[in-house]
Amino acid sequence: MIIILKKNAPKNEVDDLCKVIESQNIKINEVKGAHTTILGLIGDTHKIDTEAIEAQEIVESVQRVQEPYKGVNRKFHPENTLIDIGNTTIGNGDVAVIAGPCSIETEEQIIDTCMQVKAAGANLLRGGAFKPRTSPYSFQGLGDEGLKLFLKAKKATGLPIVTELMSLAHIDLFADVDIIQVGARNMQNFEMLKELGKCEKPILLKRGLANTIEELLMSAEYIFAGGNTKIILCERGIRTFETQTRNTLDISAIPVLKALTHLPVVVDPSHATGKYELVEPMSMAAVAAGADGLIIEVHNNPQKALCDGAQSLTPKHFGSCMDKCAQIGSVLGKKVGTL
């Protein structure tokens with residue numbers, strides 16, 4: 001339920017109304033805009049007398065919200081959520097770029113790649129220390145040692161880092177990580193989402209392999225309900241009957257999500273397509289469709305990559321991709337990365 005207050009409603013009367021509502025075990029999310037104030041009611045609102053609330057002098061209107069997700073719903077929070085990480089703001093209309101290798105392999109590999117993506121215009125760095133793999137015999141990442149190498153790359157470049165949390169048992173190792181990524185396979189790991197709702201770090205939540213947009217938003221709601229409102233949604237492709245690409249990139253999810261939620265939306269064209277030659281055109285398409293960011297896999301030697309080399313760009317190709325995305329961005333009045 002949403003209560004829209006009249007302009008300049010007296011604070012004492014608003015406080016009295018909130019006390020009455022909260023006495024019924026309802027949580028209130030107050031959003032103050034430039035011209036109006038909205039009270040978003042979260043909980044079992046069926047017993048609330050909407051007519052009695054509308055009769056209040058300070059109330060403009062009352063609307064019931066049918067969607068099961070409340071806190072992440074744009075109706076509750078009309079203005080975009082802005083997430084500040086270092087010198088970068090995600091959700092402000094520009095396109096943040098997160099780039100780096102799929103997995104951290106050696107100190108030389110991670111630092112060299114990260115230095116080159118920074119030079120090409122990346123705002124943040126990505127890299128996997130703990131890797132979820134379909135085969136138990138595939139490279140699983142360097143774990144704790146990989147995180148230590150990634151922190152060296154962070155120090156060398158001065159850029160924030162993004163890496164995936166696979167188990168809550170590792171959470172203490174992520175103290176110096178700037179954004180915690182929840183991978184597609186953990187999108188509905190609700191116990192993990194509840195715990196991440198208690199932390200203060202931004203969470204990059206990837207859409208599951210075969211999950212709907214509403215299911216993605218409900219997973220985000222778990223984090224939001226725990227108190228952490230710094231959530232970034234990631235469209236990374238979904239499983240369909242098509243076999244020419246690793247997954248099917250749902251470009252339409254970008255404007256759909258932007259209409260349904262106030263949370264920023266980034267796109268991962270690398271995992272979506274699985275082919276390096278498709279990353280550039282899909283990145284351009286994502287910028288044109290209104291994405292708040294891109295997360296792109298870049299490796300200094302993809303042919304020798306221990307993980308997902310086929311979908312990784314070389315630093316040179318990444319630079320070309322950035323230039324073309326910047327051209328699309330300039331048409332829309334958006335800055336892409338640091339370009």
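We number each residue from 1, following the sequence as shown.
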Any idea which heavy atoms bring [X] and [Y] closest together, and the distance?
{"X": "V298", "Y": "A99", "result": "CG2-CB, 4.1 Å"}
{"X": "L332", "Y": "A288", "result": "CD1-CA, 3.9 Å"}
{"X": "C307", "Y": "K131", "result": "SG-CE, 4.0 Å"}
{"X": "P269", "Y": "M282", "result": "CB-CB, 3.9 Å"}
{"X": "F318", "Y": "L313", "result": "CA-CD1, 3.9 Å"}
{"X": "G333", "Y": "D94", "result": "O-OD1, 4.5 Å"}

Quick check: do [X] and [Y] have side-chain heavy atoms less than 4.5 Å from each other?
{"X": "F130", "Y": "L173", "value": "yes"}
{"X": "I42", "Y": "I26", "value": "no"}
{"X": "T273", "Y": "E277", "value": "no"}
{"X": "P202", "Y": "I85", "value": "yes"}
{"X": "L124", "Y": "V97", "value": "no"}
{"X": "R74", "Y": "N80", "value": "yes"}
{"X": "L204", "Y": "I180", "value": "no"}
{"X": "I110", "Y": "P101", "value": "yes"}

Do side-chain atoms of [X] reach the backbone of [Y] as a donor and acceptor pair under 3.5 angstrom?
{"X": "T163", "Y": "G127", "answer": "yes"}
{"X": "T261", "Y": "V72", "answer": "yes"}
{"X": "T36", "Y": "L5", "answer": "yes"}
{"X": "E145", "Y": "L147", "answer": "no"}
{"X": "N247", "Y": "G237", "answer": "no"}
{"X": "S219", "Y": "M187", "answer": "yes"}
{"X": "Q181", "Y": "G183", "answer": "no"}
{"X": "N228", "Y": "K201", "answer": "yes"}
{"X": "E30", "Y": "I28", "answer": "no"}
{"X": "K334", "Y": "V331", "answer": "no"}

Evaluate whether atom [atom1] of [X] has more than 12 neighbouring non-hydrogen atoms of other residues, nucleotides or ligands under 6.0 angstrom away.
{"X": "K75", "atom1": "NZ", "result": "yes"}
{"X": "E200", "atom1": "CD", "result": "no"}
{"X": "N87", "atom1": "CG", "result": "no"}
{"X": "K6", "atom1": "NZ", "result": "yes"}
{"X": "R133", "atom1": "CZ", "result": "yes"}

Quick one: [atom1] on [X] to [atom2] on [Y], what's the gap to the nearest 0.5 Å?
{"X": "T113", "Y": "R126", "atom1": "OG1", "atom2": "CZ", "answer": "11.5 Å"}
{"X": "S312", "Y": "E297", "atom1": "OG", "atom2": "CD", "answer": "4.5 Å"}
{"X": "T89", "Y": "L82", "atom1": "OG1", "atom2": "CG", "answer": "6.5 Å"}
{"X": "Q188", "Y": "M218", "atom1": "CD", "atom2": "CE", "answer": "10.0 Å"}
{"X": "I179", "Y": "T88", "atom1": "CD1", "atom2": "OG1", "answer": "9.0 Å"}
{"X": "E235", "Y": "S252", "atom1": "CD", "atom2": "OG", "answer": "8.0 Å"}

Quick one: do R185 and M166 satisfy side chain to side chain contact (heavy atoms under 4.5 Å, CB included)? Show the steps, please. CA-CA 9 Å; R185 294 170 178 83; M166 285 182 56; over 6 Å; no

Single-linkage hydrophobic cluster, 4.5 Å side-chain cutoff, [X] and [Y] together:
{"X": "I171", "Y": "Y222", "result": "yes"}
{"X": "L165", "Y": "I231", "result": "yes"}
{"X": "V265", "Y": "V162", "result": "no"}
{"X": "L125", "Y": "I98", "result": "no"}
{"X": "L209", "Y": "L216", "result": "no"}

Thinking salt bridges, do [X] and [Y] make one under a 4.0 Å N-O criterion?
{"X": "R207", "Y": "D250", "result": "yes"}
{"X": "E221", "Y": "K70", "result": "no"}
{"X": "R246", "Y": "D308", "result": "yes"}

Report the C-alpha separation of K19 and D15 in whole Å, then their side-chain angles, then the decisive distance to 0.1 Å, and conclude whether the salt bridge (Lys or Arg N to Asp or Glu O under 4.0 Å) test is met. CA-CA 6 Å; K19 288 178 182 178; D15 290 343; over 6 Å; no

Show your working on salt bridge (Lys or Arg N to Asp or Glu O under 4.0 Å) between E195 and K198 and close with a plain yes or no. CA-CA 5 Å; E195 286 303 311; K198 300 174 185 177; 3.2 Å; yes

Establish, from distance only, whether the side-chain atoms of Q327 and D323 form a donor-acceptor pair under 3.5 Å.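 No, no side-chain donor-acceptor contact under 3.5 Å.
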
Strictly by modelled atom types, are H299 and E105 linked by a side-chain donor-acceptor pair under 3.5 Å?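 Short answer, yes.
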
Can you tell me how the ring of H317 sits relative to the ring of Y276, calling it parallel under 30°, perpendicular over 60° and tilted otherwise?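 The arrangement is perpendicular - the two ring planes meet at more than 60°.
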
So H262 and F224, would you call those rings parallel, tilted or perpendicular, with 30° and 60° as cut-offs?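 Taking F224 first and then H262, their aromatic rings stand perpendicular (interplane angle over 60°).
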
Test salt bridge (Lys or Arg N to Asp or Glu O under 4.0 Å) applied to D292 and K258, step by step: CA-CA 10 Å; D292 295 296; K258 299 289 284 183; 2.7 Å; yes

Does the pair V65 and M1 meet the rule for a side chain to side chain contact (heavy atoms under 4.5 Å, CB included), with working shown? CA-CA 5 Å; V65 177; M1 179 181 291; 5.9 Å; no

Between T81 and T229, is a side chain to side chain contact (heavy atoms under 4.5 Å, CB included) present by the stated rule, with each step listed? CA-CA 8 Å; T81 287; T229 61; 5.8 Å; no

Would you check, one step at a time, whether the test side chain to side chain contact (heavy atoms under 4.5 Å, CB included) holds for L39 with I2? CA-CA 6 Å; L39 302 180; I2 295 172; over 6 Å; no

Walk me through whether K154 and D178 qualify under salt bridge (Lys or Arg N to Asp or Glu O under 4.0 Å). CA-CA 10 Å; K154 174 182 178 179; D178 298 283; 3.1 Å; yes

Walk me through whether N300 and Q116 qualify under side chain to side chain donor-acceptor pair (under 3.5 Å). CA-CA 8 Å; N300 60 352; Q116 293 196 67; over 6 Å; no

